Amino acid sequence: MKSVNLYIPLLLLLFLAGACGTKKSDGASGALSDDALLDTVQRRTFNYFWDGAEPNSGLARERIHMDGVYPENDQNVVTSGGSGFGIMAVLAGIHRGYVTREEGLARMERIVSFLETADRFHGAYPHWWYGDTGRVKPFGQKDNGGDLVETAFIMQALLAVHQYYAGGNPQEKALAARIDKLWREVDWNFYRQGDQNVLYWHWSPEYGWEMDFPVHGYNECLIMYILAAASPTHGVPAAVYHEGWAQNGAIVSPHKVEGIELHLRYQGTEAGPLFWAQYSFLGLDPNGLKDEYCPDYFGEMRNLTLVNRAYCIRNPKHYKGFGADCWGLTASYSTDGYAAHSPNERDDRGVIAPTAALSSIVYTPEYSLQVMRHLYDMGDKVFGPYGFYDAFSETDNWYPQRYLAIDQGPIAVMIENYRSELLWKLFMSHPDVQQGLRKLGFQLSSDTPISAS
């Protein structure tokens, strides 16, 4: 009897040790509900655009390197497109109570004050500015003027801000009016280069149209064409969309990748990087959205995301770590500079960018949460003060503690759209946006055209 009594406590200890070990193997995320995990990631990522913002402009730094190493001496360079994403992330942060409404308004006023005086080119913003002066920093030798795509990204955000404040107190309404002025001053028609039925990406006061980049679909630039049609002052004709973006229907190209159906032609590849499913749809709500070229934008973007996931699970190049809980190929830092990683062997370098799967949460919530938990459980190797670092490669044991604004922003914005649809509701409620969608023939359901009400 004495020996049995000695064994019982021992067995209990072994059982408890086993139970604790099982719990530990679930990782740190196992202690968090889905909502708590989402809030943790969103709040950290929001901090990139709040605590990490360039102080004079209030806008997003192009990059933040935790090692303090900036080979191009660009620590205080701010980005227009990435700032657009960040402005939407800040709106979501105000909504979540990460900062007060008063603090948020003060930040937005600082941002708009900067945008009113910073370099513009026929109303369009450059890719980069020096944050302390508002003067353009060339993105390339001839890319030192207006960047219409990046302008569309920041205007998408400003129209959401407009709607957030348009019905508010007098100070908030005054800010909305200033935003409306910036919006009306973008000369989208100028970027047709002589009234052609296509939009050009760049114009330089020194080099003119020498960049020579007419934008055709499908890629991340859909929002540019929609806003160009939506402008109440410089709105382009519908023919610019149909002939330029859609190339008279050539954008339609039904095909399968990884056994998954895609309806659109993806420029230069069968299935593009995942930022093509994200940047235009941070404000533009894909749910139920269709036009004569795509019967279901949400379904198309979901399928593009599923192609990306399926490719990483198949993992034809046998990279370490790829799988159902670790997938996502997009433009990001890479083992050799910066690259647009795509789901094909030519453009796959074994680099996972957390933004790819996490910003797809609106399309694949169950799969994106699986990745989010896995990455969170990897700990500070990939998770820092401003959320998940930009990219990593387990194959190359490469874990740079560096961030890019244009990748951080969509994470926070799409998490909020998944949780509340906040940014979708704001952007889609703008009457100019609805008018632009109507002009181009978009519908929200099989029978009902876009409503201006």
Side-chain angles (χ1 to χ4, degrees), residues 28 40-87 89-90 93 98-99 103 107 110-111 114 118 126-140 143-144 150 275 328 330-341 349-356 358-359 375-376 378-413:
T40 298
V41 174
Q42 183 179 347
R43 185 184 288 263
R44 285 275 191 109
T45 310
F46 158 85
N47 281 336
Y48 183 98
F49 303 100
W50 190 260
D51 296 335
E54 192 281 321
N56 178 63
S57 64
L59 293 176
R61 290 184 166 101
E62 164 69 11
R63 65 194 85 243
I64 294 178
H65 295 172
M66 302 312 296
D67 57 13
V69 176
Y70 293 88
E72 297 183 18
N73 193 31
D74 56 356
Q75 184 174 4
N76 289 316
V77 168
V78 296
T79 166
S80 52
S83 288
F85 303 163
I87 287 167
V90 170
Y98 301 160
V99 294
E103 290 170 327
R107 174 63 61 88
R110 186 191 312 176
I111 288 170
F114 179 86
H127 193 112
W128 284 334
W129 297 281
Y130 293 103
D132 55 343
T133 66
R135 305 288 74 83
V136 62
K137 172 180 166 55
F139 191 68
D143 189 358
N144 64 348
E150 300 294 308
F275 73 92
T330 193
S332 69
Y333 275 136
S334 193
T335 47
D336 183 20
Y338 181 89
H341 310 102
R349 305 185 185 191
V351 173
I352 294 293
T355 188
L358 303 192
S359 301
L375 296 176
Y376 189 77
M378 290 177 69
D380 58 13
K381 182 182 286 188
V382 299
F383 196 56
Y386 302 125
F388 292 107
Y389 297 119
D390 190 61
F392 64 92
S393 170
E394 292 191 51
T395 298
D396 292 314
N397 194 31
W398 178 75
Y399 299 93
Q401 295 186 344
R402 295 184 169 188
Y403 295 99
L404 289 173
I406 208 161
D407 287 340
Q408 294 309 104
I411 296 174
V413 174

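Just so we're clear, the structure is a prediction, and the values are computed from it rather than from any experiment.
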In the structure I gave you, are the side-chain heavy atoms of [X] and [Y] within less than 4.5 Å of one another anywhere?
| X | Y | result |
| --- | --- | --- |
| Arg44 | Ile411 | no |
| Trp398 | Pro400 | yes |
| Ser332 | Val351 | yes |

Exercise. State whether the side chain of Ser393 and the backbone N or O of Gly350 hold a donor-acceptor pair below 3.5 Å, judged by distance alone.
Key: yes

Quiz item: Would you find a donor on one side and an acceptor on the other, under 3.5 Å apart, between the side chain of Thr45 and the backbone of Gln408?
Solution: no

Quiz item: Has Asp51 got more than 12 heavy atoms of other residues, nucleotides or ligands less than 6.0 Å from its CG?
Solution: yes

Can you name the closest pair of heavy atoms from [X] and [Y] and give their distance?
| X | Y | value |
| --- | --- | --- |
| Met66 | Pro385 | CE-CG, 3.5 Å |
| Glu62 | Thr79 | OE1-CB, 3.1 Å |
| Gly58 | Ala53 | O-CB, 3.7 Å |
| Ser80 | Pro126 | OG-O, 2.7 Å |

Excluding sequence neighbours, so at least two apart, what forms ring-ring contact (aromatic ring centres under 6.0 Å, His included) with [X]?
| X | result |
| --- | --- |
| His127 | Phe139 |
| Tyr386 | Tyr48, Tyr403 |
| Phe392 | Tyr399 |
| Tyr70 | His65 |

So, using side-chain contact (heavy atoms from CB on, under 4.5 Å) as the criterion, who are the partners of [X] when residues are at least two apart?
| X | value |
| --- | --- |
| Arg43 | Asp39, Tyr98 |
| Phe275 | Glu220, Pro273, Gln278, Tyr279, Thr330, Ala331 |
| Glu54 | Asn56, Ser57, Arg61, Asn76, Val78 |
| Asp132 | Tyr130 |

Quiz prompt | Arg63: salt bridge (charged side-chain N to carboxylate O under 4.0 Å, His left out) partners, not counting sequence neighbours | solution = Asp74

Quiz item: With Arg135, which residues qualify under salt bridge (charged side-chain N to carboxylate O under 4.0 Å, His left out), at least two apart?
Solution: Asp119

From [X] atom [atom1] to [Y] atom [atom2], the distance as rounded to the nearest 0.5 Å:
| X | Y | atom1 | atom2 | result |
| --- | --- | --- | --- | --- |
| Phe388 | Phe383 | CZ | CZ | 5.0 Å |
| Tyr389 | Ile64 | OH | CD1 | 11.0 Å |
| Ser83 | Trp129 | OG | CH2 | 6.5 Å |
| Phe49 | Ile87 | CZ | CD1 | 10.0 Å |

Quiz item: Gln75: what forms a side chain to side chain donor-acceptor pair (under 3.5 Å) with it, not counting sequence neighbours?
Solution: none

Quiz item: How would you list all residue pairs meeting salt bridge (charged side-chain N to carboxylate O under 4.0 Å, His left out) that involve residues 381-404, not counting sequence neighbours?
Solution: Asp67-Arg402

